[in-house]
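One structure is given below, encoded as structure tokens.
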Amino acid sequence: MQRIFIIEDEAAIADTLLYALQHEGFDCHWLTLGSEAIIQQQKQPADLWILDIGLPDLNGFEVCKQLRRFSDVPVIFLTARDTEIDRVIGLEIGADDYVTKPFSPREVAARVKAILKRTLLSTKSVEKVATDNLFVVDNDRYIIYLHQQPLNLTRHEFNLLQQLISQPNRVFTREQLLDALGISVDAGYERNIDSHIKAIRAKIREIDNSVEAIRTHRGFGYSYEPSS
Ligand code: CA
């Protein structure tokens, strides 16, 4: 059974989450202090953390940073304000996802399932994979190299490119790529795939502007074409 810890100082919020996640079959626990999270993860690691940002002791950002010093455990933030969202999606925090208050517990449960599924898939392919002469994917460190130079990818961009490279010449639809990112298809996020692809292409061009590895299939989606 997968174990989830919720750090939240408001009992009513924690209760609805506990109920929803236990209903989905997770072993779910609740703590109110950020400092307890660090100790807990060192003692008996959880499979995923749900962190509130406004906590009585450390704030959620600080908790996440401290967790990241020794653990890659997935983290979902509960945010209350727009200003917090900017920081959550900023790279320095290292969160996997966030939900804004007020939220539906079912939505949180769906995000949790998607992230755990993705984590399971990526830990299955832990060895370094030299896919061809072009890219080398390091699934342990979430780095993709082009000509031995690391591409400076965000987590979503890494997952996208990794997915495309994993099956050369296969056309992935935007829905399939969203699924690979662990984002539910009904989240209205499909066009964001296009902007992620655009960003990946720009980062590839920074290293070698003759590489046209990602092909657009109009009306379908994208594929990785190692020969083109
Ligand atoms: Ca709070």
Side-chain angles (χ1 to χ4, degrees), residues 61 64-65 68-69 72 74-75 77 82-83 85-98 111 114-115 117-228:
F61 296 131
C64 188
K65 276 193 210 165
R68 282 287 169 267
R69 286 183 195 146
D72 282 331
V75 170
F77 275 114
D82 289 350
T83 52
I85 296 169
D86 292 342
R87 289 199 63 198
V88 172
I89 57 180
L91 284 175
E92 89 266 29
I93 304 294
D96 294 80
D97 206 349
Y98 67 92
R111 303 274 186 106
I115 289 171
K117 183 178 148 198
R118 187 172 81 207
T119 310
L120 202 66
L121 288 176
S122 67
T123 49
K124 271 183 192 161
S125 49
V126 284
E127 79 278 21
K128 281 193 180 189
V129 187
T131 53
D132 48 45
N133 293 327
L134 207 51
F135 292 104
V136 172
V137 181
D138 184 340
N139 287 310
D140 272 351
R141 294 163 64 211
Y142 298 100
I143 300 173
I144 297 176
Y145 297 88
L146 171 61
H147 307 320
Q148 285 84 50
Q149 291 179 60
L151 289 162
N152 181 26
L153 303 173
T154 66
R155 175 94 55 122
H156 278 343
E157 290 163 8
F158 171 87
N159 287 329
L160 257 183
L161 185 55
Q162 182 216 39
Q163 183 72 23
L164 290 168
I165 291 173
S166 71
Q167 293 180 59
N169 304 310
R170 173 179 162 185
V171 180
F172 287 92
T173 64
R174 290 180 181 80
E175 288 82 359
Q176 288 165 335
L177 292 171
L178 278 175
D179 196 44
L181 296 186
I183 296 167
S184 60
V185 173
D186 59 359
Y189 207 84
E190 279 173 41
R191 288 296 148 192
N192 287 29
I193 292 289
D194 299 345
S195 34
H196 287 315
I197 294 283
K198 199 174 159 194
I200 294 168
R201 282 175 168 152
K203 288 172 182 180
I204 290 173
R205 274 197 305 273
E206 277 173 24
I207 293 177
D208 182 347
N209 66 13
S210 72
V211 173
E212 297 283 352
I214 303 174
R215 192 170 149 200
T216 306
H217 299 264
R218 289 191 63 181
F220 293 98
Y222 297 97
S223 68
Y224 167 56
E225 312 254 326
S227 54
S228 62

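Quick caveat, the model's predicted, so the values are computed rather than measured.
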Salt bridge (Lys or Arg N to Asp or Glu O under 4.0 Å) partners of Asp72, counting only residues at least two apart:
none
Is there a side-chain contact between Ser223 and Val171 in this structure, where contact means two heavy atoms from C-beta onward sitting under 4.5 Å apart?
yes
Side-chain (Arg118) to main-chain (Leu181) donor-acceptor, under 3.5 angstrom
yes
Rounded distance [0.5 Å steps], CG in Asn159 versus CD in Gln162
6.0 Å
Going by the side-chain contact (heavy atoms from CB on, under 4.5 Å) test, name the single residue among Lys198, Lys203, Arg205 that passes it with Arg201.
Arg205
So do Leu177 and Leu164 actually touch side chain to side chain, heavy atoms under 4.5 Å?
yes
Taking all atoms of both residues into account, what is the closest heavy-atom pair of Cys64 and Ala95, and its distance?
SG-N, 4.4 Å
Can you name the ring-ring contact (aromatic ring centres under 6.0 Å, His included) partners of Phe158, sequence neighbours left out?
Tyr142
Restricting to non-hydrogen atoms, name the atom on Ile143 and the atom on Pro150 that form the minimum distance, rounded to 0.1 Å.
CG2-CB, 3.7 Å
So how far is it from Leu160 CG to His196 NE2, rounded to the nearest 0.5 Å?
6.5 Å
Audit row: Asp194, Arg218, salt bridge (Lys or Arg N to Asp or Glu O under 4.0 Å) steps and yes/no:
CA-CA 12 Å; Asp194 299 345; Arg218 289 191 63 181; over 6 Å; no
Nearest heavy-atom pair of Glu157 and Asn152: which atoms, and what distance?
OE1-O, 4.2 Å
Strictly under 6.0 Å, is that where the ring centroids of Tyr224 and Phe172 end up?
no
side-chain contact (heavy atoms from CB on, under 4.5 Å) partner of Leu161, the single match among Leu151, Val137, Leu146, Ile197
Leu151
Atom pair CD1/CG of Ile144 and Leu134 - distance to nearest 0.5 Å:
11.0 Å
Quick one: ring pair (Phe, Tyr, Trp, His ring centres under 6.0 Å) pairs with a partner in residues 204-223, sequence neighbours left out?
none
